[in-house]
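The figures here come from the full heavy-atom set of this structure, side chains too, leaving out hydrogens, waters and symmetry mates.
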Amino acid sequence: MNLTDETRQLFNRRGILFRAIGIGEWALISVNDRSPDISDELSLVLKVRDSDFFYYTESSDVLKNISRGKIVIPFQFAGTDNMVLYFQARKVYWVYKFISRRKNEERKLEIKSTDKNFTFKKVEFIEKENSYYCCSETKIRLKESYDFRLSLTENISLGGDLHTTETKVLISGMPFPKPGRIYTDDIHCIQEIIYI
């Protein structure tokens, strides 16, 4: 984390040092026992090396001006002793779109998870697109890897008896959606498209 040029010049005039005091911790040190003026604004630049940081991360409301690879943090000294910036993994809905190779045939599909905490709504058939749509019941926290698996199954009716069905696993170990790979209008969703 670095100071912007404007803030560095301001601190030089005020006799204030900006020093790292620990991992992820910085302090403002006054060399002449003079505190910052109430109208002073501290602007920090946090350079992010991971190009996917903004896709995977939520942050505190303090962070307003965000651009690719750089965060500018404005901070007013209005009687505040410290400021904490929080970064955490985003929680998003997972959306799957299955494009069927079979034309105009509605299939009974279901997403199953090995973890009971991750459930999905009923798979809906979109006839005009010849595709299926399904969304997770709750938001899922983004991680580098997950300790559960998803599978896509199809319930097939046997013969003339509609009550007798067989469950066929179409995809065992479905790919997980990745933020930024497929565009979606909703910032609270990430999507994966799979051909079946």
Side-chain angles (χ1 to χ4, degrees), residues 23-25 46-63 66-71 84-196:
I23 297 173
E25 273 188 87
L46 175 64
K47 292 187 180 177
V48 180
R49 292 188 180 131
D50 183 356
S51 60
D52 292 333
F53 178 82
F54 295 107
Y55 289 126
Y56 287 92
T57 310
E58 287 180 329
S59 58
S60 55
D61 292 336
V62 175
L63 306 177
I66 298 179
S67 64
R68 206 72 180 123
K70 184 169 115 175
I71 302 170
V84 178
L85 303 177
Y86 293 101
F87 295 96
Q88 64 184 6
R90 284 177 54 207
K91 284 178 130 181
V92 292
Y93 290 103
W94 286 13
V95 175
Y96 281 94
K97 183 175 184 178
F98 302 102
I99 300 174
S100 180
R101 298 180 201 278
R102 296 184 202 164
K103 298 293 179 192
N104 302 322
E105 180 185 335
E106 188 171 347
R107 301 160 76 179
K108 293 182 175 88
L109 303 176
E110 184 180 358
I111 296 178
K112 294 186 178 178
S113 172
T114 57
D115 187 331
K116 301 296 181 203
N117 294 322
F118 299 111
T119 57
F120 286 81
K121 296 177 183 176
K122 184 179 176 188
V123 178
E124 299 174 28
F125 180 60
I126 305 168
E127 190 171 357
K128 65 181 178 181
E129 296 179 2
N130 197 44
S131 64
Y132 300 84
Y133 173 88
C134 187
C135 182
S136 60
E137 293 273 357
T138 59
K139 289 183 176 182
I140 300 170
R141 189 169 301 282
L142 296 174
K143 298 180 181 181
E144 286 186 29
S145 62
Y146 299 92
D147 55 358
F148 64 92
R149 292 175 50 119
L150 298 176
S151 59
L152 179 67
T153 62
E154 179 177 12
N155 292 322
I156 303 167
S157 58
L158 299 174
D161 186 3
L162 296 175
H163 299 293
T164 308
T165 61
E166 175 184 72
T167 301
K168 178 180 176 184
V169 177
L170 298 177
I171 302 171
S172 152
M174 284 185 355
F176 299 129
K178 289 195 176 6
R181 183 175 9 178
I182 298 173
Y183 175 77
T184 177
D185 290 333
D186 190 346
I187 62 167
H188 302 289
C189 295
I190 57 174
Q191 182 173 328
E192 184 66 36
I193 297 174
I194 299 174
Y195 287 86
I196 54 171

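When all heavy atoms of R149 and T114 are compared, the closest pair comes out as N-OG1, 2.8 Å. The shortest heavy-atom contact between S151 and S172 is CB-CA, 4.1 Å. Annotation for V95 and P177: closest pair O-CG, 4.4 Å, computed over non-hydrogen atoms. Here the closest heavy-atom approach between residue V123 and residue I111 is recorded as CG2-N, 4.3 Å. Taking each heavy atom of T167 and T153 in turn, the nearest pair found is CG2-CB, 3.8 Å.
At a cut-off of 3.5 Å, with distance as the only test, no side-chain donor of T165 or N155 sits close to an acceptor on the other residue.
With rounding to the nearest 0.5 angstrom, the CD1 atom of I99 is 6.0 Å from the OG atom of S131. Remark: E137 CD to N117 CG distance equals 12.5 Å, nearest 0.5 Å. Rounding to the nearest 0.5 angstrom, the gap separating the OG1 atom in T138 from the NZ atom in K121 is 10.0 Å. Note that SG of C134 is 10.5 Å distant from CD1 of I194, once rounded to the nearest 0.5 Å. Here the straight-line distance linking atom CD1 of I182 with atom NZ of K97 works out to 9.5 Å at 0.5 Å rounding.
Using a 4.5 Å heavy-atom threshold, the side chains of E106 and E127 count as separate. Within the 4.5 Å cutoff, the side chain of L109 has heavy atoms near those of the L152 side chain. Side-chain atoms of N130 and R101, non-hydrogen and from C-beta on, never get closer than 4.5 Å to each other. Two residues are said to be in side-chain contact when any heavy atoms from C-beta on lie closer than 4.5 Å; V169 and I171 fail this criterion. Between R107 and S100 there is a side-chain heavy-atom pair separated by less than 4.5 Å. Contact annotation: the side chain of V92 never approaches that of K139 to less than 4.5 Å [non-hydrogen atoms, C-beta and beyond].
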| request: Determine, step by step, whether K168 and E154 satisfy the salt bridge (Lys or Arg N to Asp or Glu O under 4.0 Å) criterion, reporting the C-alpha distance in whole Å, the side-chain angles of both residues, the deciding distance to 0.1 Å, and the verdict. | output: CA-CA 5 Å; K168 178 180 176 184; E154 179 177 12; 5.6 Å; no
| said: Applying side chain to side chain contact (heavy atoms under 4.5 Å, CB included) to I140 and F118, what does each step give before you reach the verdict? | reply: CA-CA 8 Å; I140 300 170; F118 299 111; 3.6 Å; yes
| said: Working note: K178 + E192, criterion salt bridge (Lys or Arg N to Asp or Glu O under 4.0 Å); need CA distance, chi angles, decisive distance, verdict. | reply: CA-CA 7 Å; K178 289 195 176 6; E192 184 66 36; over 6 Å; no
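Of the possible polar contacts, one joining the R141 side chain to the A89 backbone as a donor-acceptor pair under 3.5 Å is found. When atom types are taken as modelled, the side chain of S136 and the backbone of W94 share a donor-acceptor pair closer than 3.5 angstrom.
Annotation: F176 is in aromatic contact with Y146 [ring centroid separation under 6.0 Å].
Below 30°, between 30° and 60°, or above 60°: for Y96 and F98 the angle between ring planes is below 30°, a parallel geometry.
Salt bridge annotation for K122-E110: absent, with no cationic side-chain nitrogen under 4.0 angstrom from a carboxylate oxygen.
Atom NZ of K108 has 12 or fewer heavy atoms from other residues, nucleotides or ligands within 6.0 Å.
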